[in-house]
Amino acid sequence: MARVTLTQYLIGQQHAGRINPDLRLLIEVVARAVKAIGVNVSKGALAGILGDAGSDNVQGEAQKKLDVIANEILLQANEWGGHLAAMASEEVEEVHQIPFDYPRGGYLLLFDPLDGSSNIDVNISVGTIFSVLQNPTDGADPSENSFLQPGRDQVAAGYALYGPSTMLVLTLGRGVHGFTLDREMGSFVYTHPFMTVPDDTHEFAINTSNERHWEPPVQRYVRELQQGKTGPRGRDFNMRWVASMVADVHRILTRGGIFMYPMDEKCRDKGGKLRLMYEANPMAMIIEQAGGKATTGRERLLDVQPTKLHQRVPVILGSANEVERVSRYHDES
Ligand code: P6P
């Protein structure tokens, strides 16, 4: 089969009238930025960029040097192109305005520049997650409120996975499509058309060290999985937990599964562990576009009305039949 690159794919989508030139440019710029991030990530200890940056992010978490590098790469790559009205990053408290001497466009870009960065120093896969919204306000600088749109309003979403191979997984609202980086050519090749999540699975992903802090419906659900053949599910299950959301979600997108970072007593006062705007929402759009489901346990994730840019939310997503079961257990409790 002739190799189709990301650029050819995007031009095809534009010629089909599905995306406009600004959105095509946005995706291409993000793709170039994640290639640069991947180059830095793959240097590891050789470049003296492992370890802590000596600063904290807006979440009060110690930043890794690569968190800061990845954030700078994405901000600088996207400032000059004229496709964005503003940006928001997990690593930056405030909305990042486009410098006055650059043109502005109609899109808002949100991202977690390096998700799972605590895995960097132990050489485990990490990723970049991004989300694209329409700027609702013309003219004036977009405010935080401009970004506070429910996930169902996303125009596009995607992630880069810096794994054994570097992949870019993308949805423009018509299915989920995967691209693999050809490092020799430096281009993303269209390798995974229309990725879909199987409705059923035998694999679950959750940090079980938090079991005593979970709410009863999640405790019930996971206990039944652990009971396997001897319990009400009547079959055995397997567990995976990479502690890099991008890696866990990519596995689920590829072979099914359910990913859970539910509400627990430890993170209740923060509203959850994972961030809504640039982790949960883009992953929820991808999973739903691939035929899966994504919920807080009580509400469809893409329907959550944001109130703060960096707010956190419980996340349960993946194979539709398993996510529906967890939601049912919440309804019954
Ligand atoms: P824990 C990484 O820090 C992250 O935000 C997600 O990528 C990952 O799924 C989760 O947190 C891991 O959390 O509590 O298991 O370290």
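What you are looking at is a predicted structure, and each value in this text was computed from that prediction instead of being measured. Heavy atoms only: backbone and side chains are in, while hydrogens, waters and symmetry mates are out. Order of listing sets the numbers, starting from 1, for every ligand and every atom in it.
Looking only at side-chain heavy atoms (C-beta outward), Ile73 and Asn40 come within less than 4.5 Å of each other. The shortest distance between side-chain heavy atoms of Leu114 and Ile69 does not fall below 4.5 Å.
Near Glu279, meaning under 4.0 Å from any of its heavy atoms, are these atoms of ligand 1: 5 (O). Near Phe259, meaning under 4.0 Å from one of its heavy atoms, ligand 1 places the atoms 9 (O). Residue-ligand proximity, Asn207 to ligand 1, at heavy-atom distances under 4.0 Å covers atoms 1 (P), 14 (O), 15 (O). Every atom of ligand 1 is numbered from 1 in the order shown, and the set under 4.0 Å from a heavy atom of Trp241 is 9 (O), 12 (C), 15 (O).
For atom 7 (O) of ligand 1, the nearest protein heavy atom (residue, atom name, distance) is Asp115 OD2, 2.5 Å. The shortest contact between atom 14 (O) of ligand 1 and any protein heavy atom is with Tyr261 OH, 2.6 Å.
Looking at Ser244 next to ligand 1, no N or O pair under 3.5 Å apart turns up. Looking at ligand 1, you won't find any N or O of Asp248 less than 3.5 Å from one of its N or O atoms. For ligand 1, the polar-atom distance check against Met245 finds a nitrogen or oxygen pair separated by under 3.5 Å.
Counting heavy atoms only, Lys273 comes closest to atom 10 (C) of ligand 1 of the residues Met260, Arg275, Arg312, Lys273. Considering each of Leu274, Thr208, Val242, the one bringing a non-hydrogen atom nearest atom 4 (C) of ligand 1 is Leu274. For atom 8 (C) of ligand 1, the nearest non-hydrogen atom from the set Ser209, Ala243, Cys267 comes from Ala243.
Between Phe204 and Phe237, the ring center distance fails the sub-6.0 Å criterion.
For the 3.5 Å distance criterion, the side chains of Glu224 and Tyr329 qualify, holding a donor opposite an acceptor. Between the side chains of Thr201 and Ser319, no donor-acceptor pair of N or O atoms lies under 3.5 Å. Under 3.5 Å, the side chains of Asp199 and Asn321 contain no donor-acceptor pair of N or O atoms. Under 3.5 Å, the side chains of Glu322 and Tyr221 contain a donor-acceptor pair of N or O atoms.
Using a cut-off of 4.0 Å between Lys/Arg side-chain N and Asp/Glu carboxylate O, Arg104 and Asp141 are scored as salt-bridged.
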